[in-house]
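Each ligand, and each atom within it, is numbered from 1 in the order the structure gives. FYI, side chains are in, hydrogens and waters are out, and symmetry mates aren't considered; it's all heavy atoms of this structure.
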Amino acid sequence: MSAQQTPPPNNEQALALYERMLLIRRMEEKLSADAAAGVLPGAVHLYIGQEAVAVGVCMQLKETDWITSTHRGHGHFLAKGGDPKTMMAEIWGKRTGICQGMGGSMHVADLTKGILGANGIVGAGLAIATGAAFGAKLSGEGRVAICFFGDGASNQGVFMECLNVSTLWGLPVVFVCEHNRFSEFTRAEQVTSGEIVDRARAFKIHCQVVDGNDVTAVWNATADAVARARRGAGPCFIEAQTYRIKGHMEFEKELLAGGKYRELEEIESWRARDPIDNYARKLLDSRVATQEKLDEIGVRVSRTVDDAVAFSQASEPADPELVFDLMFAGQKP
Ligand SMILES: Cc1ncc(C[n+]2csc(CCOP(=O)(O)OP(=O)(O)O)c2C)c(N)n1
């Protein structure tokens, strides 16, 4: 099926796309507020502005499909059906966290949901997804693996290695490059030569470039890519063009000590293209939703966030002794 033939989301799916994006946004707004208040342990890399990519992709997947993520991984985790409560507890270093409080923000993972994990090593998810796709091919169960990675990660050598081997072996992997225009505090054009999609084209991989702030466009492109991968047509590549609204990480201002690498006007121009606000407007204009319906979703999402916060607050801090069990398979050094 080509991207043009992909059926648009029905009303129920459209509302689910909206709700999942809103959940990611509200969870991260809470984290941002906690970081600003100086109470959040550790740094977080927020996904605000990019929600349409994770949601448009993940809501085309089965629970058994794999995803790999990045250091900016909360959105991928929640989009794939990860539990907001255990994610919040993980970020707060609590025993009830999805990784027992041992991983933190950059390592949220849930193998039961196909979430192979956020990852602090830029580009590492590329090889993990390619390996998962190899496993999927060998097992013949029809699973696909999705790799989310940034424009910065596309400059890692492992990107070329994964494009090469996944094409040669016809692996069911979809590479999703989230081109948010920055690598930490450096603009993409200063470190990334040419168009990233051309790197995948050189391997004769099926490629699509989409507006990453348009959840329907991402959904359509993913339907096409996943169908190809599932039927054994080999890897696909999607470049989702988007923008990182927040800093590289919370505390960026303090880190840069007054220095800046982008203008406020640029950020504002992208705020006007907010994927969630714009989708809400579309839902209202097309009469898929009434304002009351959207408000009802908003209330439900806020309740979910409140529940996640309460769960985390009521949880015990992680047990440091656990480090030995997890690192040494029960044998203390
Ligand atoms: C192998 C490696 N090199 C460098 C870093 C430091 N680092 C952390 S995030 C980042 C930028 C990544 O940019 P991109 O892949 O575009 O993702 P984004 O932050 O834009 O989501 C860098 C260089 C790292 N964590 N790992």
Do the ring planes of Tyr18 and Tyr279 sit parallel (below 30°), tilted (30 to 60°) or perpendicular (above 60°)?
->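 Ring orientation, 0 to 90° scale: tilted.
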
Fit a plane to each ring of Phe175 and Phe159, take the angle between them on a 0 to 90° scale, and name the class: parallel (under 30°), tilted (30 to 60°) or perpendicular (over 60°).
->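 Aromatic pair Phe175/Phe159 classed perpendicular.
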
In terms of its nearest heavy atom to atom 8 (C) of ligand 1, the top option of His179, Met249, Glu184 is Glu184

- Query: For atom 18 (P) of ligand 1, which candidate among His71, Glu178, Met106, Arg181 provides the closest heavy atom?
  - Reply: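 Heavy atom nearest to atom 18 (P) of ligand 1 belongs to His71.
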
Looking at [Y] and [X], is any side-chain nitrogen of the basic one under 4.0 Å from a carboxylate oxygen of the acidic one?
| X | Y | value |
| --- | --- | --- |
| Asp34 | Lys30 | yes |
| Glu29 | Lys246 | no |
| Asp306 | Arg303 | no |

For Lys260, check salt bridge (charged side-chain N to carboxylate O under 4.0 Å, His left out) against everything at least two apart and list the hits.
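Partners of Lys260 by the salt bridge (charged side-chain N to carboxylate O under 4.0 Å, His left out) criterion, ordered by chain and then number, come out as Glu263.
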
What protein heavy atom is closest to [atom], reported as residue, atom name and distance in Å?
| atom | value |
| --- | --- |
| atom 4 (C) of ligand 1 | Val122 CG2, 4.5 Å |
| atom 13 (O) of ligand 1 | Ser183 OG, 3.3 Å |
| atom 15 (O) of ligand 1 | Ala153 N, 2.9 Å |
| atom 25 (N) of ligand 1 | Gly120 O, 2.8 Å |

Worksheet item: Hey, is Asn180 one of the residues with a heavy atom under 4.0 angstrom from ligand 1?
Response: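 Yes, Asn180 has heavy atoms under 4.0 Å from ligand 1.
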
- Hey, is His248 one of the residues with a heavy atom under 4.0 angstrom from ligand 1? yes

- Task: Tell me whether the guanidinium CZ or amine NZ of Arg262 lies under 6.0 angstrom from the six-membered ring centre of Phe182 and within 45° of its axis.
- Result: yes

Report the part of His45 (side chain from C-beta onward, or backbone N, CA, C, O) that has a heavy atom under 4.0 Å from ligand 1; answer both or neither where that applies.
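It is neither; nothing of His45 touches ligand 1.
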
inquiry  = Heavy-atom pairs closer than 4.0 Å: do any link ligand 1 to the side chain of Phe182, the backbone, both, or neither?
reply    =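 For Phe182, the contact with ligand 1 is made by the backbone alone.
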
Assess whether side chain to side chain donor-acceptor pair (under 3.5 Å) is satisfied between Arg199 and Asn155, documenting all intermediate values.
-> CA-CA 10 Å; Arg199 301 177 188 185; Asn155 293 324; 2.9 Å; yes

Which of the atoms in ligand 1, numbered in the order shown and given with their element, are less than 4.0 Å from a heavy-atom of [X]?
| X | answer |
| --- | --- |
| Gly150 | 14 (P), 15 (O), 16 (O), 17 (O) |
| Gln156 | 1 (C) |
| Arg72 | 18 (P), 19 (O), 21 (O) |
| Gly152 | 13 (O), 14 (P), 15 (O), 16 (O) |

Proximity of His179 and Tyr243 rings by center, below 6.0 Å
no

